[in-house]
There are 2 protein chains.
Amino acid sequence: MRIAEPTVERLVQYHRLLEQLRKDGRKVVSSQEMGEILSFKASQVRKDLSYFGEIGKRGVGYSVDSLHRHIDRILATPEKWSIGLVGVGKLGEALLGYQAFRKEKFHFSALFDNDKKKIGTKIQGIECYSSDDIEKVLREKNISVLMVSVPASGAPLVVAEALKAGTLKGILNFAPVSLTVPEGVLLIPVDISIELEKLFFYIKHKDD
Amino acid sequence: MRIAEPTVERLVQYHRLLEQLRKDGRKVVSSQEMGEILSFKASQVRKDLSYFGEIGKRGVGYSVDSLHRHIDRILATPEKWSIGLVGVGKLGEALLGYQAFRKEKFHFSALFDNDKKKIGTKIQGIECYSSDDIEKVLREKNISVLMVSVPASGAPLVVAEALKAGTLKGILNFAPVSLTVPEGVLLIPVDISIELEKLFFYIKHKDD
DNA sequence: GTGTGTGAAGTGGTTCACAGCG
DNA sequence: CGCTGTGAACCACTTCACACAC
């Protein structure tokens, strides 16, 4: 059964919350309480969790520890993936150093940039290659996920080159431009300026 | 009539596309063509645009120029807003310098950080204050939108302080933690690690 | 009694299909 | 005839309501 996107997003949040509760020494938690903390309805929490089998105890709640492990397995990756990052500007560097990433699931194994000053150096410990070599390097290192943090104008071309390698399974695109990818490659856009425009729009139309 | 969130997101993308088409000297465009470029169904494009009145010409398509201006007005802000940014780490600096923001809609008027080395200096031309003074500064400068790019652990507290100022209308939260805000304040979460986990999840379950 | 698990109902967004206008 | 505009059908996600297990 296909799990809906909003459900997956919430699973990640349950997982985070349970980690915290575990640190706090909590043993059980109810759908009610999780919902209040995360601003979801309790029924939503129960429905989400029920997709993966009965895990709670009626009249009691969920065991923090076993629910945490349960969701951990659901979100687990089958292997530790190799990730590439193209565009080592401010945003790229922010991603490289991002604390919230769970480093046990993947590692950055190659960076790509057009800047001659960066090519051939290591940035935060990772080798930076020319974007021109992206197809070759992705194939050599068998990289399956690419993060794209180049300006919008450059994104379509470098992604097209990257796709030629045939190793990519997924792309996280931070460039404010709509990309197209072949069937079988997953594309998740993260468009900061769309989010900001949305905020402006709803502030403006608050009273409609 | 309330415009749905996905519709607003697409409007921003139509706007971007039309800007490009205008530069390319294109005069008219069909819902079909816009849909193909942005990977939406043509009927979706027409439905979105129809919410704001009849703007296309039957048998012809949409005038690039007037549709662009039309959406521009829909997305326009009533004034140029003051934005605050708390957490001037790598991500914060990336946001400060982000090229894709439409700078005519807002300007950063204050930065906040805990780092003593940053407080009192200007970063990318903007004054950086202590996070402890956030309530006071937001009120003095009448700041209505806050971008939050601090680590998850620090976000709830600093946001609670910021809300006390009573000037905030919206928050763009990049911290990987669920915040709660009072009625009347808009919260848009941008959670990079959720997006990455989602990508992993669907790559893993591709064949279900 | 308490809190879960879940079919059924409700809500919101997308897609269809075609009428209608240029 | 071509392409928009739009009610109706469809689909997806959320919420309700209650049976059931502890």
Side-chain angles (χ1 to χ4, degrees), chain A residues 1-14 17-18 21 26-68 70-71 74 178 194 198 201-202 205 208, chain B residues 1-14 17-18 21 26-68 70-71 74 178 194 198 201-202 205 208:
Chain A
M1 177 208 191
R2 153 109 194 171
I3 304 299
E5 219 173 294
T7 298
V8 179
E9 295 183 2
R10 286 189 299 267
L11 281 175
V12 178
Q13 297 179 69
Y14 301 144
L17 171 59
L18 289 160
L21 291 173
R26 286 286 306 276
K27 292 300 172 204
V28 291
V29 67
S30 67
S31 57
Q32 174 89 43
E33 187 179 357
M34 283 195 273
E36 270 165 22
I37 296 172
L38 300 172
S39 310
F40 309 139
K41 288 260 192 307
S43 57
Q44 180 75 81
V45 176
R46 294 200 302 277
K47 173 77 71 184
D48 287 338
L49 298 179
S50 77
Y51 294 137
F52 303 95
E54 302 201 8
I55 186 74
K57 284 208 191 349
R58 297 175 191 223
V60 180
Y62 300 89
S63 150
V64 168
D65 214 60
S66 70
L67 183 55
H68 177 262
H70 192 70
I71 299 180
I74 295 166
S178 164
I194 288 184
K198 218 163 62 178
F201 180 88
Y202 283 115
H205 294 101
D208 302 355
Chain B
M1 177 209 190
R2 154 108 194 173
I3 304 298
E5 221 174 291
T7 298
V8 179
E9 295 182 0
R10 287 187 299 264
L11 281 175
V12 178
Q13 297 179 69
Y14 302 145
L17 171 58
L18 289 160
L21 290 173
R26 285 286 306 275
K27 292 301 172 203
V28 293
V29 67
S30 67
S31 58
Q32 173 88 44
E33 188 179 357
M34 283 195 275
E36 271 165 21
I37 296 172
L38 299 172
S39 312
F40 309 140
K41 287 259 191 314
S43 58
Q44 180 74 81
V45 176
R46 294 200 300 278
K47 172 79 64 182
D48 287 338
L49 298 178
S50 76
Y51 295 136
F52 303 95
E54 301 200 9
I55 186 74
K57 283 206 193 351
R58 294 170 194 233
V60 181
Y62 299 89
S63 151
V64 169
D65 214 60
S66 70
L67 183 55
H68 177 262
H70 192 70
I71 299 180
I74 295 166
S178 165
I194 288 183
K198 220 163 62 180
F201 181 88
Y202 283 115
H205 293 101
D208 304 356

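Protein chains get the first letters and strands the later ones, always in sequence-line order, with residue 1 at the start of each.
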Polar atom pairs (N or O), protein with nucleotides 9-11 of chain C, under 3.5 Å:
none

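In this structure, A:Ile55 places its CD1 atom 14 Å from P of D:dC22, rounding to the nearest Å. Atom CZ of A:Phe52 is separated from atom C1' of C:dG5 by 15 Å (rounded to the nearest Å). Rounded to whole Å, the distance from OH on A:Tyr62 to P on D:dA21 is 16 Å.
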What side-chain donor-acceptor pairs closer than 3.5 Å can you find for residues 35-43 of chain B, not counting sequence neighbours?
| residue | atom | partner | partner atom | Å |
| --- | --- | --- | --- | --- |
| B:Glu36 | OE2 | B:Gln32 | NE2 | 3.0 |

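Using modelled atom types, no side-chain atom of B:His68 and backbone atom of B:Val64 make a donor-acceptor pair closer than 3.5 Å.
Listed by chain and number, the residues in a salt bridge (Lys or Arg N to Asp or Glu O under 4.0 Å) with B:Lys198 are A:Glu5, A:Glu9, B:Glu195 (sequence neighbours excluded). Judged as a side-chain hydrogen bond (donor to acceptor under 3.5 Å, both in side chains), and not counting sequence neighbours, the contacts of B:Arg26 are B:Glu33. Applying the ring-ring contact (aromatic ring centres under 6.0 Å, His included) criterion to A:His70, with sequence neighbours excluded, gives no partner residue. B:Ser63 is linked by a side-chain hydrogen bond (donor to acceptor under 3.5 Å, both in side chains) to B:Ser66, counting only residues two or more places apart in sequence or in another chain. B:Arg10 is linked by a side-chain hydrogen bond (donor to acceptor under 3.5 Å, both in side chains) to B:Thr7, B:Asp48, counting only residues two or more places apart in sequence or in another chain. Partners of B:Tyr62 under the side-chain hydrogen bond (donor to acceptor under 3.5 Å, both in side chains) rule, at least two apart in sequence or in another chain, do not exist in this structure. For the side-chain contact (heavy atoms from CB on, under 4.5 Å) test, residues two or more places apart in sequence or in another chain that qualify with B:Val60 are B:Val28, B:Lys57. Scanning for ring-ring contact (aromatic ring centres under 6.0 Å, His included) contacts around B:Tyr202 gives an empty result, with sequence neighbours left out.
Nucleic acid contact for A:Leu49: none, since no nucleic acid atom lies under 4.0 Å from a heavy atom of the residue.
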- Message: Across nucleotides 12-19 of chain D, 5' to 3', mark each nucleotide with B, S or - according to how protein heavy atoms within less than 4.0 Å reach it.
- Response: -SSBBB-B
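Contacts with DNA chain D (heavy atom under 4.0 Å) in residues 27-37 of chain A: none are found.
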